[in-house]
Amino acid sequence: MNKEEIAQHLMVMRVGTVRVDEPLKRHTSFRIGGPASVFVEPETLDGVVAVLDWVRDEKIPYFIIGQGTNILVSDRGVDAVVISTARGLKGVEVSPPRIRAGSGVLLTKLCHLAAKAQLTGLEFAISIPGTLGGALVMNAGAHGSAMVEVVESVLVWDAREGVRTISGDEAQFEYRQSRFMHYPWIALEAVLQLRPGNPDAIRQTMQHNMEYRKRTQPVGEPNAGSIFKNPLPDYAGRLIESVGAKGWREGDAEVSRLHANFIVNRGNATAKDVLTLMRRVRREVYRATGIILKPEVRWIGPGEGGAEATWENLWCEEGAGLREF
Ligand SMILES: Cc1cc2nc3c(=O)[nH]c(=O)nc-3n(C[C@H](O)[C@H](O)[C@H](O)COP(=O)(O)OP(=O)(O)OC[C@H]3O[C@@H](n4cnc5c(N)ncnc54)[C@H](O)[C@@H]3O)c2cc1C
């Protein structure tokens with residue numbers, strides 16, 4: 001089936017908006033990325049499930065996107081059906097001490113709802129951009145806490161077993177990773193378990209976290225958050241700064257002068273610019289410290305030579321990747 005036929009079928013399904021050759025730079029915080037051959041925004045949870053069932057049955061490659069704040073999309077785009085959670089997975093139900101929310105709900109919105117319901121536990125997430133779904137997959141975290149601490153259960157679409165509920169434990173959250181990265185699972189909604197808290201203390205912590213973010217990160221420029229994972233217990237930002245990389249530039253991609261583990265798009269940066277800069281940073285940190293930085297941002301697109309869309313194919317993990325340096 002070609003992309004027009006796929007789009008036609010999705011339109012007949014009447015699940016929501018369908019577009020062909022949609023530029024993904026419109027849907028990423030980096031403002032980078034070529035077109036998705038088909039882009040669909042289902043209006044309901046059932047619509048999301050119907051699209052997922054259909055693409056699976058037809059063996060059409062698919063990819064799910066939240067707010068696009070943690071991805072670097074290839075300049076060549078993605079030859080797949082890209083499914084956005086932005087519209088269809090928006091439900092929220094607050095029943096203290098729990099919040100049930102759709103994967104397309106913004107994390108910041110959930111923080112404000114929790115504060116309003118005098119629930120504590122989610123203050124760390126106030127300035128993490130993106131959706132609940134993206135935060136689950138990435139086990140997003142800040143200020144010493146992460147999603148793992150608040151997720152009770154997740155309603156998932158499992159390509160093999162259909163829609164079912166998994167526990168937080170089954171999601172196997174670890175530092176910036178989860179089982180979602182290795183299983184054909186899509187998060188549809190989640191139940192967060194919080195605790196009754198003092199409303200003033202909750203608001204003060206949120207305020208403090210927001211101010212800290214504004215001081216330390218280039219929030220006004222297009223970026224995708226931390227580029228590399230921290231090689232714990234060290235910090236990627238410290239290592240990158242130690243090799244003098246702040247301000248290094250490739251095309252319009254620049255290592256942030258405010259926070260060295262951020263790359264900012266100064267105008268018309270391409271994915272190629274960002275990749276080239278990432279390689280340079282990674283190589284120099286390796287030469288200076290022997291530490292190989294691993295990307296936190298997720299690569300979406302073909303690997304070099306048209307292989308699968310993973311960093312492994314771009315860089316061949318670990319030592320093998322060093323051959324490219
Ligand atoms: C300025 C800035 C600051 C940031 N600060 C932090 C921070 O402090 N801590 C932190 O952890 N992150 C941070 N990030 C990264 C990012 O905000 C988080 O990783 C966020 O949780 C991603 O959510 P998203 O909706 O944008 O996901 P996307 O970028 O759209 O997707 C990320 C990954 O999740 C997958 N995905 C998305 N939704 C679903 C779903 N429903 N089911 C299955 N898979 C899904 C996508 O396929 C992709 O692989 C920052 C980013 C920016 C731009």
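Source: prediction; values computed, not measured. Order of listing sets the numbers, starting from 1, for every ligand and every atom in it.
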Pairs meeting criterion ring pair (Phe, Tyr, Trp, His ring centres under 6.0 Å) with involvement of residues 1-52, two or more places apart: His9-Trp54, His27-Phe39
Any residue meeting side-chain contact (heavy atoms from CB on, under 4.5 Å) with Ala7, in chain and number order, not counting sequence neighbours: Met11, Val18, Val20, Val38
Straight-line distance of Glu284 CD to Arg280 CZ, nearest 0.5 Å: 7.0 Å
Spacing of CD belonging to Glu189 relative to OG1 belonging to Thr165, to within rounding of 0.5 Å: 8.0 Å
Partners passing side-chain contact (heavy atoms from CB on, under 4.5 Å) against Glu93 (at least two apart in sequence or in another chain): Ser95, Arg100
Proximal protein residues to ligand 1, non-hydrogen atoms under 4.0 angstrom: Ser29, Phe63, Ile64, Ile65, Gly66, Gln67, Gly68, Thr69, Asn70, Ile71, Thr85, Ser103, Ile128, Pro129, Gly130, Thr131, Gly133, Gly134, Ala135, Val137, Met138, Ala140, Gly141, Ala142, Arg176, Trp185, Ile186, Ala187, Arg213, Gln217, Asn223, Ala224, Gly225, Arg298
Side-chain donor or acceptor of Lys90 paired with backbone N/O of Gly104 under 3.5 Å: yes
